[in-house]
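In listed order, ligands and their atoms are each counted from 1. If you're wondering where the values come from, they're calculated on a predicted model, not measured in any experiment. Throughout, numbering of the chain's residues begins at 1 and tracks the sequence.
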Amino acid sequence: MNTRLIIAIDGPSGVGKGTVARDVAAALGYRHIDTGAMYRAVAWRAKTAAVSLDDADALTALAERLDIVASGPSVLVDGVEVSGEIRTPEIDRGASRVARVAGVRTALVAQQRRLGAGGGVVMEGRDIGTVVFPDAEVKVYLDASADERARRRLHDDVRRETRDPGQVAGEMAARDEADRTRAVAPLAMAADAHLIDTTPLSIRQVVEQILAIAAAGRGRS
Ligand code: DC
């Protein structure tokens with residue numbers, strides 16, 4: 001069977017969505033799209049263009065006109081490679097604020113739907129299975145204990161985190177709470193998603209579970 005699926009992977013920060021989504025996409029020959037990087041890109045551009053994070057209209061206009069490429073290892077914003085610069089504590093906070101703006105979400109969700117149309121895509125984020133692709137054939141919600149997520153974040157090679165582990169864990173918990181309780185498209189598990197508690201699992205084990213779910217999904221469609 002040759003159906004090219006949409007695989008939606010949602011979950012809180014530090015759970016390992018990026019690595020897992022990349023590996024699942026590679027195994028299937030699908031594109032990997034990191035939607036968190038798109039919210040980060042808007043926050044990064046707002047910072048460099050001195051746009052206030054309180055100015056919803058200006059942020060929406062940015063999201064509507066920016067050319068963001070968030071598939072593959074590099075993230076490009078209007079042709080500028082920003083993959084390192086968007087993964088800093090400042091942009092962590094900025095992206096979470098930008099992601100609360102309804103107009104920003106409308107603009108980015110429209111782009112995400114265009115990118116995923118036709119399938120053959122692994123898209124990771126917070127609202128992929130609930131809002132962006134509620135009809136995705138495969139929906140996975142990854143979770144892990146707060147301690148384990150903080151540990152993974154501290155070992156993230158791109159970030160080279162040197163701050164106090166307690167501070168990192170505290171900031172992550174605060175951002176997750178904001179993502180879960182915001183008015184628009186909060187982080188939530190879709191009713192028909194497969195929940196995987198990754199706390200005791202290796203990346204490879206998580207990837208294998210998702211590939212098994214995807215194989216069953218292909219069989220059905
Ligand atoms: O996955 P991440 O940490 O790179 O995401 C950055 C921020 O963007 C985070 O605060 C959650 C938000 N986000 C979102 O609201 N919806 C998405 N689909 C992806 C990320």
If you take the nearest heavy atom of each of Asp176, Asp127, Val184, which one is closest to atom 18 (N) of ligand 1? Asp127

The answer for which part of Met38 has a heavy atom under 4.0 Å from ligand 1 is neither

Flag for Glu171-Gln167: side-chain donor and acceptor within less than 3.5 Å: yes

Taking atom types as modelled and ignoring hydrogens, do the side chains of Ser96 and Arg93 form a donor-acceptor contact shorter than 3.5 angstrom? no

At under 4.0 Å between heavy atoms, is it the side chain or the backbone of Ser96 that contacts ligand 1, or both, or neither? both

Heavy-atom side-chain proximity of Val24 to Ile7 below 4.5 angstrom: yes

Taking only heavy atoms of Thr35, which atoms of ligand 1 are found under 4.0 Å from at least one of them? 17 (C), 18 (N), 19 (C)

The atoms of ligand 1 lying under 4.0 Å from a heavy atom of Ala99, numbered in the order shown, are 12 (C), 15 (O)

Nearest protein heavy atom to atom 11 (C) of ligand 1, by residue and atom, and its distance? Asp179 OD2, 3.3 Å

Neighbour count >12 (heavy atoms, 6.0 Å) for atom CG, Leu195: yes

Under 3.5 Å, N or O to N or O, is Tyr39 touching ligand 1 that way? no

Below 3.5 Å, N or O to N or O, backbone or side chain included: is there any such pair between Arg126 and ligand 1? yes

Ion pair Arg87/Asp34, N-O distance below 4.0 Å: yes

Could you establish whether Arg182 and ligand 1 come within less than 4.0 Å of each other, counting only heavy atoms on the residue side? yes

Heavy-atom count around Arg65 CZ within 6.0 Å, excluding the residue itself: above 12? yes

Other than Leu76, what residues sit in its cluster of Ile, Leu, Val, Met, Phe, Trp and Tyr side chains whose heavy atoms are under 4.5 Å apart, directly or through others? Val69

Proximity of Arg40 to ligand 1 by residue part, where a heavy atom lies under 4.0 Å: side chain

Among all protein non-hydrogen atoms, which one is nearest to atom 20 (C) of ligand 1, and what is the separation to 0.1 Å? Gly36 CA, 3.5 Å

